[in-house]
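To keep things clear, I will list the structure first and then write my remarks on it.
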Amino acid sequence: MKPTAAFRRRLATTLLAAPALSLLLTACDSTPRERQDAVKNSAREIDSLADKAGTAIERIGHRAARWDSASRVRNGQALDTVASAAFAQELLGPYASVSTLTVTNLDPAYTQLLRQTRAKRREWTQRDWDYATGIFDRLNARYRALRLDLPARQEIHIKALQAEFETLETTRDLKDLGEAVRDKPANAR
């Protein structure tokens, strides 16, 4: 996982500020040997800070890799058809039979999916998102089958709803990844 720009700026500021400050404080009334010792001490501090930062980045990378691995395993598991049908009924209501959707009710089906997704997304687990994504994928397949018969206005509206769904899902993935890599207090580990 790449460090953020803010993290890099803070690290650079910390690494550069400490030695510069110690050099400034010792430069006025010091001997060359004292200045040389101050530079050596500053270099040791920079090395120590760089080691700590490297260890933190490595730890975060390992946590991100574990999260990604668990996510891949979860995504490799087949969805239960009964649970998927129940989830489709909950999310799509009267539009749950995706294969029978027509040009006139495809747009309302997407609207219903997004309305329910917005309402329930905060309480969903990653597995719930897998079911919702499966339903979304089936809707998208039906959209592709009907796309040439859709009026432009409906097609644009459906594209916007598709983008919103993917944004909500990606936001959840990023939130979960952030929680997985975050340092927790010692008593919470």
Side-chain angles (χ1 to χ4, degrees), residues 1-10 56-147 150 153-189:
M1 179 174 184
K2 283 178 88 171
T4 64
F7 176 78
R8 288 192 302 268
R9 280 193 302 274
R10 272 187 272 138
I57 289 171
E58 184 177 344
R59 184 176 58 246
I60 288 169
H62 288 301
R63 289 178 186 169
R66 274 196 310 270
W67 181 86
D68 187 50
S69 176
S71 180
R72 287 177 194 267
V73 168
R74 191 191 74 248
N75 288 334
Q77 298 171 345
L79 298 176
D80 178 25
T81 54
V82 174
S84 185
F87 217 80
Q89 186 62 46
E90 180 183 342
L91 292 181
L92 295 175
Y95 309 106
S97 180
V98 174
S99 62
T100 62
L101 292 175
T102 63
V103 169
T104 57
N105 57 13
L106 186 63
D107 187 24
Y110 273 101
T111 303
Q112 174 70 16
L113 173 68
L114 264 295
R115 184 179 300 125
Q116 291 298 324
T117 300
R118 287 183 211 117
K120 299 175 186 288
R121 68 188 164 101
R122 295 196 196 306
E123 56 199 54
W124 281 352
T125 64
Q126 279 292 334
R127 195 59 176 170
D128 293 336
W129 273 105
D130 293 342
Y131 282 104
T133 301
I135 294 163
F136 179 68
D137 291 343
R138 289 196 336 249
L139 258 180
N140 287 340
R142 188 64 182 159
Y143 162 78
R144 285 188 298 277
L146 299 174
R147 187 178 65 83
L150 285 171
R153 172 181 276 155
Q154 280 184 349
E155 189 173 1
I156 290 170
H157 187 244
I158 288 171
K159 288 283 188 190
L161 294 171
Q162 288 171 331
E164 182 180 352
F165 183 89
E166 291 186 7
T167 300
L168 293 172
E169 183 181 20
T170 302
T171 300
R172 176 57 190 259
D173 287 344
L174 290 174
K175 177 182 175 250
D176 288 348
L177 177 60
E179 288 174 4
V181 300
R182 184 175 301 125
D183 279 333
K184 294 167 183 69
N187 60 0
R189 289 183 191 162

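- By the salt bridge (charged side-chain N to carboxylate O under 4.0 Å, His left out) test, Glu166 pairs with no residue at all, sequence neighbours left out.
- Here Phe87 pairs with Trp124, Tyr131 under the ring pair (Phe, Tyr, Trp, His ring centres under 6.0 Å) rule; sequence neighbours left out.
- For the ring pair (Phe, Tyr, Trp, His ring centres under 6.0 Å) test, no residue two or more places apart in sequence or in another chain qualifies with Tyr143.
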Scan the side chains in residues 102-110 for donor-acceptor partners under 3.5 Å anywhere in the protein, sequence neighbours excluded, and list what turns up.
| unit_1 | atom_1 | unit_2 | atom_2 | d |
| --- | --- | --- | --- | --- |
| Thr102 | OG1 | Thr104 | N | 3.4 |
| Thr102 | OG1 | Thr104 | OG1 | 2.9 |
| Thr102 | OG1 | Asn105 | OD1 | 3.2 |
| Asn105 | OD1 | Thr102 | N | 2.6 |
| Asp107 | OD1 | His157 | ND1 | 2.6 |
| Asp107 | OD2 | His157 | ND1 | 3.3 |
| Tyr110 | OH | Leu139 | O | 3.2 |
| Tyr110 | OH | Asn140 | N | 3.2 |
| Tyr110 | OH | Asn140 | OD1 | 2.5 |
| Tyr110 | OH | Gln162 | NE2 | 3.2 |

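- Under the 4.0 Å criterion applied to side-chain N and carboxylate O atoms, Glu155 and Lys159 are not assigned as salt-bridge partners.
- The side chain to side chain contact (heavy atoms under 4.5 Å, CB included) search around Glu169 returns Trp129, Thr133, Phe165, Asp173, not counting sequence neighbours.
- For Glu164, the side chain to side chain contact (heavy atoms under 4.5 Å, CB included) partners two or more places apart in sequence, or in a different chain, are Leu114, Arg118, Leu161, Leu168.
- Evaluation of the side chain to side chain donor-acceptor pair (under 3.5 Å) rule for Thr167 yields no partner, not counting sequence neighbours.
- Evaluation of the salt bridge (charged side-chain N to carboxylate O under 4.0 Å, His left out) rule for Arg127 yields Asp130 as partners, not counting sequence neighbours.
- Applying the salt bridge (charged side-chain N to carboxylate O under 4.0 Å, His left out) rule to Arg172 yields the partners Asp176; only residues at least two apart in sequence or on another chain are considered.
- Residues that satisfy the side chain to side chain donor-acceptor pair (under 3.5 Å) test with Arg115, not counting sequence neighbours, are Gln112.
- Here the shortest heavy-atom pairing between Ala96 and Ala88 reads CB-O, 3.9 Å.
- Across every non-hydrogen atom of Ser84 and Ile135, the tightest pair is O-CD1, 4.2 Å.
- The main-chain N or O of Thr125 is found under 3.5 Å from a side-chain atom of Asp128 such that the two form a donor-acceptor pair.
- Interatomic distance, CZ of Arg144 versus CG of Leu146, reported as 11.5 Å (0.5 Å rounding).
- Residue pairs meeting the salt bridge (charged side-chain N to carboxylate O under 4.0 Å, His left out) criterion with at least one partner in residues 76-101, sequence neighbours excluded, are Glu90-Lys120.
- Residues forming a salt bridge (charged side-chain N to carboxylate O under 4.0 Å, His left out) with Arg138 (at least two apart in sequence, or on another chain): none.
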